[in-house]
Amino acid sequence: MAHVFVYGTLKTGQPNHRVLLDGAHGRATLRGRARTLEPYPLVIAGEHNIPWLLQLPGHGRCVAGEVYAVDEQMLRFLDEFEGCPDMYQRTLLTVAVEGPAGGTVQCFAYSTATYPPEWLQLPHLDDYDSQGEHGLRYNPRESR
Ligand code: PCA
């Protein structure tokens, strides 16, 4: 089992969460809500309003998300779904899990190191919500 930290459209209540629930893709078990130990820039960018964690620890904010234990099949599915490694790269980061059974966990996350430098000037979020006050509605893949 690997741990994956999701911070964007894969979170509960967000537009792509259903792919984690689909047994045809493998298994994903929620371990809890969590926050990155280090700050990262989390921005919404591009014509489809996609959330991106920029691979620049030490900048931005400590980012909230969820930790899932996933099997090998789900990990491979997510790599494909997230366009890894061309769009996102799967990197390791440390998060603090909320609650009594919390603690720090090393997780994979889909971040990017290959972003246009002007993305750093975009507002830095700490808890992504596709329906948030930013008004930048996520454009689902089906509609691109
Ligand atoms: N999906 C992945 C990376 C960004 C996105 O929208 C996630 O939720 O973590």
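Every number for a ligand or one of its atoms is a count from 1 in the order of the listing.
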Q: Evaluate the side-chain hydrogen bond (donor to acceptor under 3.5 Å, both in side chains) criterion for residues Tyr88 and Asp79: first the C-alpha distance (whole Å), next the side-chain angles of each, then the deciding distance (0.1 Å), finally the verdict.
A: CA-CA 9 Å; Tyr88 293 94; Asp79 280 357; over 6 Å; no

Q: Can you list every side chain to side chain donor-acceptor pair (under 3.5 Å) pair that touches residues 16-36, not counting sequence neighbours?
A: Thr9-Asn16, Asn16-Tyr138, Arg35-Asp126

Q: Apply side-chain contact (heavy atoms from CB on, under 4.5 Å) to Leu54 and list each qualifying residue two or more places apart in sequence or on a separate chain.
A: Pro41, Val43, Trp52, Thr112, Tyr115, Trp119, Leu120

Q: Quick check on ligand 1: any N or O pairs to the protein under 3.5 Å? One line per pair.
A:
from     : atom 1 : to    : atom 2 : distance (Å)
ligand 1 : 1 (N)  : Thr9  : OG1    : 3.4
ligand 1 : 1 (N)  : Glu82 : OE2    : 3.2
ligand 1 : 6 (O)  : Thr9  : N      : 3.0
ligand 1 : 6 (O)  : Thr9  : OG1    : 2.7
ligand 1 : 8 (O)  : Gly8  : N      : 2.8
ligand 1 : 8 (O)  : Thr9  : N      : 3.3
ligand 1 : 8 (O)  : Leu10 : N      : 3.0
ligand 1 : 9 (O)  : Tyr7  : N      : 3.0

Q: If the test is side chain to side chain contact (heavy atoms under 4.5 Å, CB included), which one of Val63, Val67, Leu37 qualifies with Val95?
A: Val67

Q: If you compare all heavy atoms of Tyr7 against all heavy atoms of Lys11, which two are closest, and at what distance to 0.1 Å?
A: O-CE, 3.6 Å

Q: I'd like to check the side-chain hydrogen bond (donor to acceptor under 3.5 Å, both in side chains) partners of Asn49; sequence neighbours left out, ordered by chain and number.
A: none

